[in-house]
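In what follows, chains carry the letters A, B, and so on, assigned in the order in which the sequence lines appear, proteins first and then strands, with residues in each chain numbered from 1. Scope of the values below: all heavy atoms of this structure, side chains included, with no hydrogens, waters or symmetry mates.
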Amino acid sequence: MKSGKLIGLIVVCVFMISISFSFTADAKEFKFGQILAMTGSGSWYGMTMERGTGIAIEEINAAGGVKGYNFSYVVEDHKSGLTTPAQNAFRKLTSIDKVSAILSSFSAPTLSIMSMAEQKKIIVFNGGASSPKLMNIPFLHNTRMLGDEILPFTLKYLWDKGYRTMATIYANQTAPISLNDAGKKYWESLGGKVVSEQMHETGATDFTSEASVIKAKNPDIILCPSTGLDVGYVIKAVRKMGIKAPICGTEHSGDMEKVTGDASEGYLFASEFFDVNSDDPWTKTFVAAFKKKFNEDPDFYAANYYELTYILKELVTRVVDKGGDPYDGSLLEKAIWDNPKFKSIYGGYMKFKENGTCEKPVVLFEIKGGKPMVIKKRSG
Amino acid sequence: MGLFLQLLTRGIITGSLYALLGVSWGIIYNTTRTFHFAHGFIYTFASYSILVFTWMSVPLIPSLLLGLFTATLAGCAVEYFAYLPMRKKSASQLSIFLTAMGIMIAGQSLIHLVFGPDSRPLEGFPEHVISLGTVTFTTVDLFTVLLCWIVIVCLFAFLGHTKAGMMIRAVSSNPEKATFIGIDSRRIFVLVFGIGSLLVGIAAFLSTIDKPATPNIGLGALLISFITVFLGGVGRLGGAVLGGIILGIAESLVIMVLPTEYKMMVIFLILFLVVLIKPEGLLGKKIA
Amino acid sequence: MLLEVRNLDVGYQGKQVVFGASLRVDAGEFVALIGHNGAGKTTLLKTICGYLKTGSGDVRYRGEDIRNLSPAVNVKKGLVFVHQEKSLFPNLSVLENLQLAAYAIGKAYNLEQRLKEVYRIFPILKDREKQMANTLSGGQQKQLAVGMAILVEPQLLLLDEPSLGLSPNLVKDLGNVLKEISNMGTAILLVEQNVKMAISLAQRIYVMRTGQIILEDTHENMMKRESLWDLF
Amino acid sequence: MEYLAHTLNLAFIFVILTVSLNLILGYGGMASMAHAAFFCIGGYISAIVTMNLGCNFLIGVLTAIIATAAVGGALSAPFIKVQEEYLILFTIAFQMVVYHLMLSLYNITGGDSGIFGVPAASLFGYTADTPARFLPFMAAFLFIVYYVAFKITKSPFGRVLKGIREDEKAVSSLGKNVIKFKVIIFMVGTGIAAGAGGVFAHYTRFISPTIGSLDQSILIIAMVVLGGTANLGGSALGAFLLIIIPEVLNFLPGASDLIVPLRGFIYGALLIFFMRFRPEGLIPEYFHLRSRKRTLPGARTGKQPADDCLHFSMTSEEKMFNRTGPILEVKNLSKSFGGLRAVDNFFMSLDKGKITALVGPNGCGKTTAFNLVTGFLKPDKGQIHFAGKEITNLPAYKMPHIGIARSWQDIRIFQGMTVMDNLLLARQSQAGESVIRLFIMPWRVRREEEENIKKAFFYLSSMGLAEKGSEIARNLSYAEQKLLAIARLLATEAEILLLDEPSSGVDPNWVKQFMQIIRGLAASGKTICIVEHNLDLVRGVSDTVYFMAEGQKIAQGTAEQLMADPKLGEIYFGV
């Protein structure tokens, strides 16, 4: 033991000392942290989110930074939803990189750092997860609307088209579970009937037996509020079983399209409206920059993190204008409430709400010809 | 009844693929008694090799063959360069297992590094829905089942009727005697790793038609592979086939009695109970 | 001289089992090695065939030093070892067991011819050709094991207690078969606990006790002994 | 610095986990793939208890330890008997079932988002709400765990575990219930893991199923194997390295979408590298910076082995049997394997203070009869009486306790242990073999240990091995190892000694010495039964010889009588 622990301790100390010298924040730099899914099953999300942030930073720095501060970020990996790596990342970001703001994603990793964030007054933004558990937590702000607020929009549309029975299939995660409850309640309040409810394992890929059950119940519509690739596999399985009923949900991504292929045709989902073909000049420059760099259209996750970077820029501006230090997270937090309306990449403005969520324009999409097409809009 | 038949059909389709995965791992484990955790990496590797060839505009069938070939080589290389030297040093099962895990982690990361985390679908395979009464499946399902069984039958024919097959069976049933009659077990081991990797490559191909490849697909395939083998019975390749079918059907039918979120758990619960009650597996011989 | 062992010491797992053993087998000769349990007979055989590599001393086969060769190589040189137990492949049929013995050598054999020869000596194997080896009775399994060995036309056959677990009748049959094999010109080194059988068959007998060869004598002299008790 | 403190806390938690897994894996010899599951269960229990009852975190952690250890105990009892690879499988299955349950029982566990806002650890008004403030708690917990683990592994209990890893059968032949020891060490290991989970939950103030996944279990195993099994220091080093390496890799410069998978690659490659070139771990079990020697009481006084070493004093317990006539009687004993009747209607009686030999051709059933009498096989039929009491179905490990001990043909001494430990392991009813008594009455354990060392030294001296007490058994010559085996047998202080082929593998001189020893033993009142092929030995020592063939006793008499019978010669030397 003696030898083992000694060697271990020496290793730790040497390495800690060496890094503490080499990694102190530059005074003229505003550095913030990101804790994203860089590896594991959700690594596609991490990639697209980081792309959004990266483009924003390039633009901001090209324009001379903010009040003399150059922007930069450090990305850490929560390995697609693991909490210990998220906590390690938090400790590293706050004590080595000395950040005061963190962009995070996924609900479990985000939740796992919030006790510490509150204590250390670090402002945390989540632009990915949409779990109701993320509401009403000090220092946490979500720039995604909660699905519960979005889902009725879709369901009403389908109700009006004359569909009456619904089957649901959703992942055993907090957000899908609450979405399923909300969707079910709303559908029943309209007078509809839920003929089958199935909860599935997160990350499963074979849903044909679940689809068989749905087929046997012959519902008018299918609700799948799962996230990630799960939705893609569900859609694929449902179509594979020859079920023609419309499928609706809350999630859509380019990666998911690769799973479904043609099967996603007709899939309906309501979401914050990010329109790549928008006439809004800001949106246009972002889409063009993204396309130039990555040779594909940005999705709304990229847009969310791009937007978040600009929100941070605005907050830093407000703090510095008042003579404050942007490395004080509580100042950033206060600065939000100076004016909770921020310019949005979605066009127009978005507004932070007291409960930690936000208001954004919502839109109902349908996949037509492999692309999401807007069929109904609701402004933020 | 309609639902039951439909679920049974699904179970058989999944089960066929599981059976193929099972024999691919089983032939390696039965012969070499190596807990080949890196099998999952070979699975991912095979998927990506096939994909890479299709991206180079090689037609589907030649891509498949080239991809399988590289996967086979990779499997042999793992045995020859990683396990064999350790076995020579008579390393413990556990340290071989950890080496295999190292290969799995490093390999998976390497694929991520080269190809990124995106889902990569294998395109160009026609998929049509076929309905027979209440039972629905697709052309891909049909192809999967057929190919799985053709491959499994070929494997058994190979093991049963060729010199090499006989030697493999000999080494797996009595390695010591095999040495005494002049069989070089090291070469047989490499051969067996090649065959197992070829088979898992075929399984990977069949799943990639249906589900896009990502760097992480290997672990799930690996879990199924060895659960199938231990369920059916170690030392009996037929056991792996039976185990695969049972697992596939159980996974599909369980939905009729239990909430679906317990589906994955049921697989492990079955394994748990089998190891508890009949640790030698369904077809295995009693352990002394 | 076909096989010559000189001053062989063998030990494993920290204990020495064979102490300075020397023996020889001439071409076509039938030699027996007897001794009680744990005397080191099997260890000696396993060392000769190349399975055990520890220890020191000289093992020469046809004048060549084979101390560093593996059993797989020695088999190809005509030095064949037949195990006490586990001497066949339980999940292979009788025919496959025999075929495999031929394939493993790698030489081109007139397999049909050799099979006929084996079946002539062990007719029961022909009847059981398609049966799995593990379904054979104990006696038949021994026959198969010896059959596999003689299929490859060995020059020297190392037999490790073939009579173990056989009924007296079967032991007698086995003795006759060994005699026949020996008459065909194959040299045999037989390790036996069934002392009477070994003495009656072999031309020369070595007696081993606690790791040492304590006595070497001819068939005739051994047969003349009044009591065997004092050998043990 | 906070990050340093956090990394240290994390490393400490993993040191605790590896130390506890090492108790199970390294010392208990059981590869558990479910350690992270127990860790996570502990975290949940502590979080739920403290949040619902509002009690101090210590109560939560204690509840977690006790409840999880109970679960571990119940779970381990059936699976401990299966082989290693099935054990891996069984624990993987358990791990996966627990993990999925934690995700699915979201009403209790919060599902994937876990439980947020677990109360911070506080004690006497000191609240550990930052990593630095938590460090003292963590260090204290680590110290306690390390102390417990150290104490256990260095105790008579640990000695038995070590013996079990070397040779389970030999340990049961010395009167230890192998299963019980394994279950207890499993419970201790899982209990500590659960405690770590509880502490971790209060440290991070959050608990979710992701810390209880299979990956985590594998990581912990990797740490133990990397560091070196059955070496507590190795565990600590392994944990430190595998926690620190990824953190160091965090500082690699470069584009993050490349660097993150690159980290994974380097981690995997390091694992391969370590396993390839140091498969026994960085600090293997027998790694010592300085060689240490235990001073033995006899060695201190320089006392030479007594000349009258073969005269053994009798303890009061032995006097109970101080009578003549048959002491062990076997009637009607039968045992079949498949169709083979290995032992068939076998009768035998051993007389007090006499030497009985069992002889017969190979496969006649001697060893089976021997195993039946010593409890290693269960008879199909028949009775065994010892001093008038029926002991027919008594398990093997209870035999030495009542006064019947056996030796093994292949000696089965514990090669990796010291000579002295070999003997100490043979002593019966040691308080130090109970984990609880180890901690609540250390004085008694210490006193007993001193007593046992004296006794052990006496028996060692009697075999002329007094000077070898601190040597590792495998360094002894084979003849000395055989003597050690006898000394170990004597150290059980059993009344009846059953010796299985004691003369195999040794030279005639040794046999002569040995004959003297057992004659001396018989003279001192021990009852002895030997199974033997060496007829010199049989002739030289035995009072009565049983001749067995085909599972039955076919003759009985003195050696000379039997060897004069030509019919027996026929049977013995074959046809």
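Annotation for A:Leu229 and B:Ser119: closest pair CD1-OG, 3.6 Å, computed over non-hydrogen atoms. Closest heavy-atom contact between A:Thr205 and B:Lys211: O-CE, 3.2 Å. Scanning all heavy atoms of the two residues, the minimum distance from A:Ser209 to B:Glu251 falls at OG-O, 4.5 Å. Nearest heavy-atom pair, B:Val129 versus A:Lys240, reported as atom, atom and distance to 0.1 Å: CG2-O, 3.8 Å. Of all the heavy atoms in A:Ser212 and B:Gln6, the pair that sits closest is OG-CG, 3.2 Å.
In this structure, B:Lys89 places its NZ atom where more than 12 heavy-atom neighbours from other residues, nucleotides or ligands lie under 6.0 Å away. Summarising the local packing, CG of A:Asp262 is surrounded by 12 or fewer heavy atoms from other residues, nucleotides or ligands at distances under 6.0 Å. Around atom NZ of A:Lys79, no more than 12 heavy atoms belonging to other residues, nucleotides or ligands sit under 6.0 Å away.
Of the listed residues (B:Gly11, B:Gly220, B:Pro121, B:Pro215), the greatest number of heavy-atom pairs within a distance under 4.5 Å of chain A belongs to B:Pro121. Per-residue heavy-atom pair counts under 4.5 Å with chain B were compared for A:Asp255, A:Val213, A:Thr48, and the maximum is reached by A:Asp255. For the set B:Thr214, B:Asp210, B:Val135, B:Asp141, the count of heavy-atom pairs under 4.5 angstrom toward chain A peaks at B:Asp210. Each of B:Thr9, B:Ile13, B:Asp118 has some count of heavy-atom pairs under 4.5 Å with chain A, and the biggest count is that of B:Asp118.
Proximity to chain A is limited to the side chain of B:Glu127, based on heavy atoms less than 4.5 angstrom apart. Interface remark: A:Tyr233 contributes side-chain atoms only to the contact with chain B (heavy atom separation under 4.5 Å).
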* Carefully, step by step, assess A:Glu201 and B:Met265 under the rule side chain to side chain contact (heavy atoms under 4.5 Å, CB included). => CA-CA 9 Å; A:Glu201 187 93 23; B:Met265 210 177 79; 5.7 Å; no

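Atoms NZ and OG1, from A:Lys215 and B:Thr134 in turn, are 7.5 Å apart once rounded to the nearest 0.5 Å.
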